[in-house]
Structures are given as C-alpha cells and as structure tokens.
Amino acid sequence: MTSGEHEYRVDVEWTGNQGSGTSGYRAYGRDHEIRVDGKPPIPGSADPAFRGDAARWNPEDLLVASASACHKLWYLHLCAEAGVVVEQYRDDALGTMIETAAGGRFTRIVLRPHVTIRAGGDTALAEHLHHAAHEKCYIANSVNFPIDCEPVIRTIGA
C-alpha cells in the first residue's frame, strides 16, 4: 500500500424540495442523492426520527457501515498476509447515538464480526488480527468515540 494523501470527492444533492424550499421545518423532504463518479448513486435521507425516509440510507447508517467495512477490509488484508484463510465474514454492527442540546453525537460503535476460517487455521491468531485491524482502520482512527470489536471465530472444513 502506498502512503500519502488521498482525496475523496462526493456529491450530495438535496432532492427534497417540495415546492417551497425550507420555508418551514415540515415543508421540505430530507431526501438526497449521494454520488461519486463511476458508481451507482446512494439514496439518502434523514433518520425517520428526524422526518426522514426509512427506505433510504441516513448518515448514521453510513457511519456505522463505514466503520464496519473499514475494519473488515483491514482484517481480510491482515488474514491474507498471515495465512489465515477466511471463508465467510458478516458483521452485525451497532452504533449508538445520543441527542444533546448541541445536536447529538455517537457514543459508541460495536462491531460483531462473525468470521469463518478454514479448518486447521489458527483461531487465536484470527481473533488477534481483529485487534490489529482496529489499530489500522482509517475510520476508527478518525472518530472521537470508541469502536469496540466482539468477534466470533469458527472453523469450517476445507
């Protein structure tokens, strides 16, 4: 992997103008489209608690998904380097956010990866690599709240 500075350009376009703009809190939709050149758009909104569309991704979902995906990518990388053959990986991540007078903040994300490694693999090493992945994760290193990891490792025949 090369070192250096990386930039990520994302276009977020509000699509929730219902004819009167933001003339009142209930007068506009929270819908938006998240776009990156060459990729399918992501339909976004606010959390339903904040008048959003439950069928669309909200920023809170995306933050938890980013933390989970970043951890997974580092974990798979480290397993490949260490000779731990991962056959399946699924994370049951949970983020907790509180509302405050200042607007709110996340207090914690818990990653709960369920990992299946090939029989004969080192389950202790597979578990340890979650700690190493957490240390390397760009998202975990960028937030001001804890991201905990509670992995479950099992083996499957080759």
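Given the structure is predicted, the values throughout are model-derived calculations rather than measurements. Only heavy atoms go into these numbers, but all of them, side chains included; no hydrogens, no water, no symmetry mates. Quick note: residue numbers are just sequence positions, from 1.
In this structure, Tyr89 and Val115 have side chains that are in contact, with non-hydrogen atoms separated by less than 4.5 Å. Taking the side chain as every heavy atom from C-beta outward, Arg105 and Asn144 never approach each other to under 4.5 Å. At a threshold of 4.5 Å between non-hydrogen side-chain atoms, the residues Ile153 and His130 count as touching. Under the 4.5 Å side-chain criterion, counting only non-hydrogen atoms from C-beta, Trp14 is in contact with Thr22.
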Identify every side-chain donor-acceptor pair in residues 36-50 under 3.5 Å, counting partners at least two apart or on other chains, and give the distances.
unit_1: Ser45; atom_1: OG; unit_2: Asp31; atom_2: OD1; d: 3.2
unit_1: Ser45; atom_1: OG; unit_2: Asp53; atom_2: N; d: 2.9
unit_1: Asp47; atom_1: OD1; unit_2: Ala49; atom_2: N; d: 2.7

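Put simply, the side chain of Tyr75 gets close to the backbone of Ala126: a donor and an acceptor are under 3.5 Å apart. Side chain of Arg56 to backbone of Ala54: no donor-acceptor contact under 3.5 angstrom is found. Side-chain atoms of Ser68 do not come within 3.5 Å of backbone N or O of Val64 as any donor-acceptor pair.
Leu94 belongs to no hydrophobic cluster, as no Ile, Leu, Val, Met, Phe, Trp or Tyr side chain comes under 4.5 Å of its own.
In this model, no donor atom of one side chain and acceptor atom of the other lie less than 3.5 Å apart for Glu135 and His131.
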Test Phe106 against Val143 for side-chain contact (heavy atoms from CB on, under 4.5 Å), laying out the working first.
CA-CA 9 Å; Phe106 269 79; Val143 299; over 6 Å; no
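Atom CD1 of Ile34 and atom CG of Leu62 lie 5.0 Å apart (nearest 0.5 Å). Put simply, CG on Leu73 and CD1 on Ile139 are 10.0 Å apart, with the number rounded to the nearest 0.5 Å. Atom CD in Glu87 sits 4.5 Å away from atom CZ in Arg118 (nearest 0.5 Å).
Exactly one of His114, Glu127, His71, Arg112 qualifies for a side chain to side chain contact (heavy atoms under 4.5 Å, CB included) with Pro151. That residue is Glu127.
Cluster membership for Phe145 and Ile98, using ILVMFWY side-chain heavy atoms within less than 4.5 angstrom, is not shared. Criterion: ILVMFWY side-chain heavy atoms under 4.5 Å apart, direct or through other members. Under it, Leu125 and Val86 are part of a common hydrophobic cluster. Under the 4.5 Å side-chain contact rule for hydrophobic residues, Met97 and Ile109 share a cluster. Residues Leu111 and Trp74 are members of separate hydrophobic clusters, defined by side-chain heavy-atom contacts under 4.5 angstrom among Ile, Leu, Val, Met, Phe, Trp and Tyr. Taking hydrophobic clusters as Ile, Leu, Val, Met, Phe, Trp and Tyr residues chained together by side-chain heavy-atom distances below 4.5 Å, Val12 shares a cluster with Trp57.
A cation-pi arrangement is found for Arg30 relative to Tyr28, the charged atom lying closer than 6.0 Å to the ring centre and inside a 45° cone about the ring normal.
Look at Arg9 and Asp11 and you find no salt bridge, because none of the NZ, NE, NH1 or NH2 atoms lies under 4.0 Å from a carboxylate O.
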